[in-house]
Trainee: 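Below is the structure I would like to discuss, written out as structure tokens.
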There are 2 protein chains.
Amino acid sequence: MAPLKKSFSDYLAQKGLKTTRQREIILDEFLRCPSHLSTEELYLRLRKKHPSIGYATVYRTLKLFAESGIAEERHFGDGQTRYESSTSEEHHDHLVCTACGAILEFEDPRIEQLQDEVARTHGFKISRHRLELYGLCAKCSET
Amino acid sequence: MAPLKKSFSDYLAQKGLKTTRQREIILDEFLRCPSHLSTEELYLRLRKKHPSIGYATVYRTLKLFAESGIAEERHFGDGQTRYESSTSEEHHDHLVCTACGAILEFEDPRIEQLQDEVARTHGFKISRHRLELYGLCAKCSET
DNA sequence: TTTCTTGCAAAAGCTTTGCACACCG
DNA sequence: CGGTGTGCAAAGCTTTTGCAAGAAA
């Protein structure tokens, strides 16, 4: 089984929750889709194949993904919550194009290291961070 | 006049907008308050001295502050928009305590420099960024 | 059977908008 | 005056919740 799927089903078992048809469907679709989908986008995709699925179920299930650690919530400033599947390996940050909405991921250990240093200076114990760079992507800045 | 006040009144003049009693009151209070206030918090404070002021006016005025460049919108993940007055000088980032909600500001030019470098690598032209470190502050991690 | 889930609709938060009146320039 | 701004209430959006029926263990 894919590691994230196993992770999730372990989480359910451990919490005494149930594996349901909907949760399987939603997880499959979630993993198949581009990252950073909003709940609504995912819901709309799901509806095409599974018209009976409920809006609330998608919301609840995505929150469950986040709790279980297989996905992370993101807020990019439009009013919507977006979700990204966890690689469980390295964390990554985002470049967001303010013109076309493109989202690129990057990772830079040097930045992470400096963050740790800053946190230490202030006596903070960091559990997570968020770094987003907003601007124009290569395409959009051409014009 | 305080620089931000002047900035704002210039913006109003340039856009053909009007200086009103409410805008003055809200700006004064905004500048006097701790940073990172949510619209509601500011509204509640204003109400004490000016009970007739409307919720919508506070919302509209804060948006106006943001447009004029004298304030910036922040989203820290609770559903509320918070505003911070612009120093117009250096940008700063945030350390957010997930236990007590404390927000510390910091700034590290080395991190900024690395961000620029990352952006360049991807062909991005950065206009702004957001860096938040979440964890426990010194006090809360003692226990 | 017992407990957890679902789908629906209603409710809840935060934010925006329509409108009539008031105010600024 | 003419166009903006205000306050109120209503509407909008996204997200959450209550509940009866349905499904998993």
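Throughout, protein chains are lettered first and strands after them, A, B, ... in sequence-line order, and every chain is numbered starting at 1.
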Trainee: Using the six-membered ring wherever Trp is involved, compare the ring planes of H92(B) and H94(B) and label them parallel, tilted or perpendicular (cut-offs 30° and 60°).
Mentor: perpendicular
Trainee: Are any of the side-chain nitrogens in R130(B) or D93(B) under 4.0 Å away from the carboxylate oxygens of its partner?
Mentor: no
Trainee: Write down the distance between CD (E73(B)) and C1' (dT15(C)), rounded to a whole number of angstrom.
Mentor: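 The distance from CD of E73(B) to C1' of dT15(C) comes to 11 Å, rounded to the nearest Å.
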Trainee: Answer yes if the side chains of E84(B) and H36(B) hold a donor-acceptor pair under 3.5 Å, and no otherwise.
Mentor: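 Yes, because at least one side-chain N or O of E84(B) sits under 3.5 Å from a partner of the opposite role on H36(B).
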Trainee: Could you check which residues of residues 51-60 of chain A get a heavy atom under 4.0 Å from DNA chain C? Sort them by number, please.
Mentor: S52(A), I53(A), G54(A), A56(A), T57(A), R60(A)
Trainee: From the options dG7(C), dT5(C), dT16(D), select the nucleotide whose nearest atom is closest to the side chain of K63(A).
Mentor: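 It is dT16(D).
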Trainee: How many Å lie between CG on L42(B) and P on dT15(C), as a whole number?
Mentor: 12 Å
Trainee: With distance as the sole test, does S85(B) use its side chain to make a donor-acceptor pair with the main-chain N or O of A71(B) at under 3.5 Å?
Mentor: no
Trainee: For the residue pair E132(B) / Y134(B), report whether a side-chain donor-acceptor contact shorter than 3.5 Å exists.
Mentor: yes
Trainee: Rounded to whole Å, please give me the gap between CD1 in I26(B) and P in dG5(D).
Mentor: 13 Å
Trainee: Ignoring backbone atoms, test whether Q80(A) places a side-chain nitrogen or oxygen under 4.0 Å from the OP1 or OP2 oxygen of dT15(D).
Mentor: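 Result: no.
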Trainee: So, Y83(B) and E72(B): side-chain donor and acceptor under 3.5 Å apart, yes or no?
Mentor: no
Trainee: Under 4.0 Å between a side-chain N or O of S38(A) and OP1 or OP2 of dT14(D)?
Mentor: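 Negative; the distance criterion is not met.
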Trainee: Rounded to whole angstrom units, what separation is found between the CD atom of Q22(B) and the P atom of dC21(C)?
Mentor: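 These atoms are roughly 18 Å apart.
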Trainee: On DNA chain C, nearest-nucleotide positions of T81(B) versus Y43(A): which is more 5'?
Mentor: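 The residue closer to the strand's 5' end, by nearest nucleotide, is Y43(A).
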Trainee: Is there a side-chain contact between F65(A) and L62(A), using heavy atoms and a 4.5 Å cut-off?
Mentor: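 Yes; the side chains approach each other to less than 4.5 Å.
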Trainee: Separation of Q14(A) atom CD from dC4(C) atom P, in whole Å?
Mentor: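 For the pair Q14(A) CD and dC4(C) P, the rounded distance is 15 Å.
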Trainee: Considering only side-chain heavy atoms of R23(A), which listed nucleotide, dG7(C), dC14(C), dT5(C), is closest?
Mentor: dT5(C)
Trainee: Produce the list of close N/O pairs, under 3.5 Å, pairing protein atoms with atoms of nucleotides 23-25 of chain C; give distances to one decimal.
Mentor:
residue	atom	partner	partner atom	Å
dC24(C)	O3'	T19(B)	O	3.4
dC24(C)	O2	K18(B)	NZ	2.9

Trainee: Do F30(B) and L37(B) land in one hydrophobic cluster if side-chain heavy atoms of ILVMFWY residues count as linked below 4.5 Å?
Mentor: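 Result: yes, single cluster for both.
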Trainee: Nearest whole Å is fine: how far is dC14(C) C1' from F76(B) CZ?
Mentor: 17 Å
Trainee: Are F76(B) and L95(B) co-members of a hydrophobic cluster defined by side-chain heavy atoms under 4.5 Å apart?
Mentor: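 No; F76(B) is not reachable from L95(B) via cluster members.
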Trainee: L44(B) has an atom CG; how far is it from atom C1' of dG13(C), in whole Å?
Mentor: 14 Å
Trainee: Nearest-Å distance, CZ (R74(A)) to C1' (dT14(D))?
Mentor: 20 Å
